[in-house]
Asker: 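Structure provided below as structure tokens; questions to follow.
In this text, all values refer to a predicted model and were calculated from it rather than measured experimentally.
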Amino acid sequence: MKEILAASTALGFDILSHGAETYRVEESITRMCAAYGYQNADVFVIPSSIVVTITDDTGAYLTRTRRILSRDTDLDKVDKLNALCRQICAETPEYEEIVARLKKIEEGPVYSMPMQYFGFGMISAFFTLFYGGVFMDAVTAFVLGVLLKVTIYQLGKLEASSFFVNIVGGAFTACGCYLAVKAGLAFNQDKMVIGMLMNLVPGIALTNAMREIMAGDLISGLNRTAEAILVATAIALGTVLPLVIGQVYNDGMQTASAWEACVWAGLACVGFGSVFNIQGWGIWICGFGAALGWMAYLEALALTGTDIGAAFLAAMVISAFSEVMARLRRCPVTGYLQVALLPLVPGAGIYDTMRYCVAGETDLFLSTLLHTIGFAAALSVGAMLAATITRSLLMRLRVHRR
């Protein structure tokens with residue numbers, strides 16, 4: 001009983017600490033306990049803690065709690081841990097074997113630091129092009145993106161808090177872009193700033209927060225919302241002074257031409273694949289999903305005339321694509337969905353909201369805040385609706401084949 005409790009909690013701890021959703025952690029622990037005969041396991045998960053209680057036939061119970069002190073986004077490990085959970089439920093191996101498999105996954109391959117530097121540069125460069133920058137802007141943003149990752153990595157070695165890291169990252173971004181334009185190395189400071197800040201903005205956290213709130217996980221959803229707001233505040237604090245000095249104001253989501261924007265969005269998300277440690281063909285599938293999602297957004301925008309409605313329909317397309325790919329490759333949908341949604345998440349909206357707040361522009365702050373929340377909610381509802389429909393159709397298709 002102690003071994004099953006320890007092993008299931010360890011599995012959930014690893015999944016949660018590498019960026020999985022709370023519902024996935026709860027489901028994995030519950031299924032693992034049920035496979036060993038503990039059908040009435042009580043599992044409670046929030047982003048910072050796991051509590052598991054199992055009860056045997058005699059009424060005896062045990063409870064174990066794990067505290068998550070730090071989290072990252074390693075979607076390859078989430079994939080492998082999800083597969084391990086399935087194997088454990090099917091094979092019910094001994095405790096020592098479970099521990100050995102968990103250790104092997106934790107020691108699994110990750111992209112080298114030079115590759116992660118390159119990934120930050122790709123994200124900065126291609127999102128700069130995505131938002132309408134020119135070639136020289138992209139080249140400069142690539143170099144500054146690499147330097148931004150070096151700065152963040154060094155601060156991480158000093159165990160600096162994430163709030164401080166985002167303040168420094170925002171200040172470095174704004175100052176670097178301002179100096180590059182003044183030196184004649186680039187032309188569009190606003191495009192470069194937003195492109196580079198896509199490495200920092202909590203787009204995934206905000207979208208996941210909305211999904212969890214709508215799924216009924218209020219504590220987790222509010223926790224992630226607060227986290228996203230704190231990150232956005234730190235970015236705004238870091239960037240507001242250089243932006244005011246340079247008198248630069250973002251003019252909204254004005255991207256490159258349609259086909260170019262799809263290409264840049266896809267390539268930028270390939271860069272995110274290296275940052276999030278997506279291995280193999282999955283990194284290219286995520287890039288294709290991002291390009292497909294932005295194409296759907298542009299077509300829906302032309303039909304509906306409203307960006308929130310277009311975001312809803314585009315999220316449905318991305319979610320359906322991600323569900324199909326996840327089943328074809330037998331892996332969690334998390335990686336495909338989160339990465340492919342990144343060009344649509346309101347990163348610029350989060351940044352603008354906090355910038356207006358810090359600058360004291362109350363009317364603009366409130367209007368941008370409401371629009372950003374509405375946009376994120378549209379993405380979440382669209383993704384959840386499409387996932388529900390797709391899963392239902394795929395399940396019926398499977399039953400029909402049988």
Asker: Which heavy atom of V231 sits nearest to which heavy atom of L200, and what is that distance?
Answerer: CG1-O, 3.8 Å
Asker: Could you check whether E21 pairs with R24 (Lys NZ or Arg NE/NH1/NH2 to Asp/Glu carboxylate O, under 4.0 Å)?
Answerer: yes
Asker: Can you confirm if the aromatic rings of F142 and F120 lie within a centre distance of less than 6.0 Å?
Answerer: no
Asker: Quick check for you: to the nearest 0.5 Å, what is the distance between Y38 atom OH and M32 atom CE?
Answerer: 11.5 Å
Asker: F288 and ring pair (Phe, Tyr, Trp, His ring centres under 6.0 Å): which single residue from Y336, W294, F321 fits?
Answerer: F321
Asker: Would you check, one step at a time, whether the test side chain to side chain contact (heavy atoms under 4.5 Å, CB included) holds for F272 with F127?
Answerer: CA-CA 11 Å; F272 270 115; F127 268 119; 3.5 Å; yes
Asker: Looking only at the aromatic ring of each residue, does the gap between the centers of W264 and F130 stay below 6.0 angstrom?
Answerer: no
Asker: Count the heavy atoms belonging to other residues, nucleotides or ligands that lie under 6.0 Å from CD of E96, then report whether that count exceeds 12.
Answerer: yes
Asker: If we only count heavy atoms from C-beta on, is the M1 to D56 side-chain gap below 4.5 Å?
Answerer: yes
Asker: Taking the side chain as every heavy atom from C-beta outward, state whether I105 and D14 have any atom pair closer than 4.5 Å.
Answerer: no
Asker: For a 4.5 angstrom cut-off between non-hydrogen side-chain atoms, does I88 reach P93?
Answerer: yes
Asker: Is there side-chain contact between R101 and Q87, with at least one heavy-atom pair below 4.5 Å?
Answerer: yes
Asker: Please lay out, stage by stage, how L292 and I318 fare under the test side chain to side chain contact (heavy atoms under 4.5 Å, CB included).
Answerer: CA-CA 7 Å; L292 177 65; I318 293 175; over 6 Å; no
Asker: With distance as the sole test, does S367 use its side chain to make a donor-acceptor pair with the main-chain N or O of L364 at under 3.5 Å?
Answerer: yes
Asker: Has R31 got a side-chain atom pairing as donor or acceptor with C89's backbone, closer than 3.5 angstrom?
Answerer: no
Asker: For the pair D79 (side chain) and L75 (backbone), establish whether a donor and an acceptor sit closer than 3.5 Å, ignoring hydrogens and angles.
Answerer: no
Asker: Evaluate the criterion side chain to side chain contact (heavy atoms under 4.5 Å, CB included) for residue pair K2 and R64; output intermediate values, then yes/no.
Answerer: CA-CA 9 Å; K2 290 181 178 179; R64 186 178 180 88; over 6 Å; no
Asker: Just wondering, are more than 12 heavy atoms of other shown residues or ligands nearer than 6.0 Å to CE in M136?
Answerer: yes
Asker: I need the F126 CZ to T128 OG1 distance, nearest 0.5 Å.
Answerer: 10.5 Å
Asker: Report yes if some heavy atom in the side chain of F13 is under 4.5 Å from a heavy atom in the side chain of I50; otherwise report no.
Answerer: yes
Asker: Taking C-beta and beyond as the side chain, do R66 and V51 meet within less than 4.5 Å on heavy atoms?
Answerer: no
Asker: Enumerate the residue pairs fulfilling side chain to side chain donor-acceptor pair (under 3.5 Å) with a member in residues 270-290, sequence neighbours excluded, ordered by first and then second residue.
Answerer: D74-N277, N277-Q279
Asker: Give a yes or no on this: more than 12 heavy atoms of other residues, nucleotides or ligands lie within 6.0 Å of atom CZ of R329.
Answerer: yes
Asker: Return yes if some donor-acceptor pair links the side-chain N/O of K191 with the main-chain N/O of G132 below 3.5 Å, else return no.
Answerer: no
Asker: Which atoms form the tightest heavy-atom contact between A125 and A138, and what is the distance?
Answerer: CB-O, 3.4 Å
Asker: Could you report the tightest heavy-atom contact between A7 and I98, atom names first, then the distance?
Answerer: CB-CG2, 4.0 Å
Asker: Closest heavy-atom contact between A34 and Q39?
Answerer: O-NE2, 3.3 Å
Asker: Are the side chains of C177 and L144 in touch, meaning some heavy atoms are under 4.5 Å apart?
Answerer: yes
Asker: Is there a donor-acceptor contact under 3.5 Å from the side chain of T22 to the main chain of V45?
Answerer: no
Asker: Looking only at heavy atoms, which two atoms of G289 and A340 are closest? And how far apart?
Answerer: C-CB, 3.7 Å
Asker: Could you walk me through whether I54 and Y61 pass the side chain to side chain contact (heavy atoms under 4.5 Å, CB included) check?
Answerer: CA-CA 6 Å; I54 57 176; Y61 63 88; over 6 Å; no
Asker: Using modelled atom types only, decide if a donor and an acceptor are shared between the side chain of D137 and the backbone of M192 within a distance under 3.5 Å.
Answerer: no
Asker: Nearest 0.5 Å, please: how far is OG in S49 from CG in L16?
Answerer: 9.0 Å
Asker: Spell out, as yes or no, whether a donor-acceptor pair under 3.5 Å connects the side chain of T9 to the backbone of A6.
Answerer: no
Asker: M198 and Y131: which non-hydrogen atoms are nearest, and at how many Å?
Answerer: SD-OH, 4.0 Å
Asker: In Å, rounded to the nearest 0.5 Å, how long is the span from OG1 of T151 to CZ of F172?
Answerer: 4.5 Å
Asker: Can you find a side-chain donor-acceptor pair between D76 and H18 that sits under 3.5 Å?
Answerer: no
Asker: Atom NZ of K149 and atom CD1 of I123: how far apart are they, to the nearest 0.5 Å?
Answerer: 9.5 Å
Asker: For A383, does its backbone N or O pair with a side-chain atom of S319 as donor and acceptor, under 3.5 Å?
Answerer: yes
Asker: Rounded to the nearest 0.5 Å, how far apart are CD1 of I29 and SG of C33?
Answerer: 7.0 Å
Asker: Check whether more than 12 heavy atoms from other residues, nucleotides or ligands sit under 6.0 Å from atom CZ of F135, and answer yes or no.
Answerer: no
Asker: Report yes or no: do D72 and S17 form a side-chain donor-acceptor pair below 3.5 Å?
Answerer: no
Asker: For the residue pair N199 and S124, establish whether any side-chain heavy-atom pair is separated by less than 4.5 Å.
Answerer: yes
